[in-house]
Number of protein chains: 2
Amino acid sequence: MGIKERKLQEKSEMRELIQKTAMNLFLEKGFENITIRHIAEKIEYSPATIYLYFKNKDEILYILRREGFEDLYRRQKDSLKLKDPLKRLLKHGEAYVSFALENPQYYDLMFMMRSPSTRTKEMNDMDIGLQSYELLKNNIKECMEKGLFPGVNIDVAAFSLWSYVHGIASLIIRGRGIMFPEEGINDMIKGALNFLLEVIPDKLDSKKRSMNLSS
Amino acid sequence: MGIKERKLQEKSEMRELIQKTAMNLFLEKGFENITIRHIAEKIEYSPATIYLYFKNKDEILYILRREGFEDLYRRQKDSLKLKDPLKRLLKHGEAYVSFALENPQYYDLMFMMRSPSTRTKEMNDMDIGLQSYELLKNNIKECMEKGLFPGVNIDVAAFSLWSYVHGIASLIIRGRGIMFPEEGINDMIKGALNFLLEVIPDKLDSKKRSMNLSS
DNA sequence: TATAATAAATAAACAATGTTAAGTAAGTGA
DNA sequence: TCACTTACTTAACATTGTTTATTTATTATA
């Protein structure tokens, strides 16, 4: 039965088309300005058609969010290449922030937007976000094994560091970076990431201060 | 002409009634679930009446946001009572986070929500948010005068610390605190605020580690 | 006090939104 | 050819923010 398969293929192609079109429109005009009718118009189908492929608007958001989580995870895995745990941790943070700033709409969707009502979907989100979190925890653990963050609970450390990079990213995405006229945004970010580093006690070697943060 | 004044009084009373009712509904059901018609129904006027007192829905949000900024500033000024600059800075952060967590809807409105289209209003926001930011900068400056944060640009330091507390607050408000089963949220927050402290090099006295963070 | 002018409130409509139910057209299997 | 399933659309629904025209109440003037 090759027909059944072709039908399935077409079905998933259509889903992808809708998804991709939706994201392009979102990136272009921002989420709240895009309606089901806009998407429908763009792909030249009727609005109702979209509901044959997605339960509702939230499901489209959910799919895109998942995509974002996957992309973020991919980037963060790059940090694993570095052997020095502190450098790796820094790279991890850099990857996080640069993902956020290069894909502000995705980041918004993933971490800033109030999630829509549905609860079952939420849970899945958590699961996929969790692998990024585990990566972070592993990085931290290795730092601890080298004597960094003495006496700190690992979950506290993870949450703290996550808070830090999330704070940087989300403030800038919401335009709060304007508060600083003197410095460019990029310098501010580099400075902020370095700030924590500057402030970390000299438990390891002391090359830190000269470490370069360019992504 | 006592009548003119009474009219004005009535007008502003009505504005306040709408404002207060709106906020109560928001606190109760969340922003996105409250409509102009809901507010109108609650105060037993027609929806159109609200437009005699507010330009549009965004203006109501704007007023509430301003209220929030004022409240936050008030709380943060409390930190000025402390003489030790590091303790004061910590208190400042505590005030910020506890404001956020005790008034998550306000905090959302002020720092997390994507701002509505209007631009002129935005600017005013900035002005009022700016005084909180200046307070932070002053605290940091005094810390620096005592040798803390050596070699760090003051704006970078301010942005970094702000990012940190904002990250903590906004992650928790968006329910990302669930990631940690072992610890209670409150312990996590205290831990996070302490984290930075633990990590700050011993440039000042060394009472830090035993410092209590209870608000 | 009667009437004109002003202010306050409303009813009714508008266009846009997400979503659904009923209907149509096309493709698939016998 | 004829039933049946699939893909799609049309048209409607209720709800949203907002505006226009109209009515009701209040104040000022004669």
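Chain letters run A, B, ... following the sequence lines, proteins first, then strands; residues in each count from 1. All figures in this text were calculated on a predicted structure; none of them were measured in a lab.
Axis angle between the ends of the helix from C:dT1-D:dA30 to C:dA30-D:dT1, five pairs each and rounded to 10 degrees, works out to 30°.
By the side chain to side chain contact (heavy atoms under 4.5 Å, CB included) test, B:E142 pairs with B:P85, B:R88, B:E145, sequence neighbours left out. Listed by chain and residue number, nothing satisfies the salt bridge (Lys or Arg N to Asp or Glu O under 4.0 Å) test with B:R37 (two or more places apart in sequence, or in another chain). By the salt bridge (Lys or Arg N to Asp or Glu O under 4.0 Å) test, B:E41 is found to be paired with no residue, residues two or more places apart in sequence or in another chain being considered.
Looking at residues 16-27 of chain B, you'll see that no heavy atom sits under 4.0 Å from any atom of DNA chain C.
Between the side chains of A:Y106 and A:E67, at least one donor-acceptor pair of N or O atoms lies under 3.5 Å.
Between A:W162 and A:Y133, the angle of the ring planes lies from 30° to 60°, which puts this pair in the tilted group. Between A:Y96 and A:Y107, the ring planes are perpendicular. Angles over 60° get that label, and only those under 30° would be called parallel.
Put simply, the side chain of B:I189 does not reach to within 4.5 Å of the side chain of B:E94, judged on heavy atoms.
At a threshold of 4.0 Å, the pair B:D108-A:R114 counts as salt-bridged, since one of the basic side-chain nitrogens sits closer than that to a carboxylate oxygen. Note on B:E102 versus B:R75: salt bridge recorded, some NZ/NE/NH1/NH2 to OD/OE distance being below 4.0 Å.
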| note | Given protein heavy atoms under 4.0 Å, the one-letter contact record of nucleotides 8-19 of chain D, with B base, S sugar-phosphate only and - none, is simply BBB-B---BBBB
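Counting to the nearest Å, the C1' atom of C:dT10 and the CD1 atom of B:I50 are 13 Å from each other. Atom-to-atom, CZ of A:F54 to C1' of C:dG18 comes out at 16 Å; the value is rounded to the nearest Å.
B:F111 does not carry A:R174 over the face of its six-membered ring by the limits of under 6.0 Å from the centre and within 45° of the normal.
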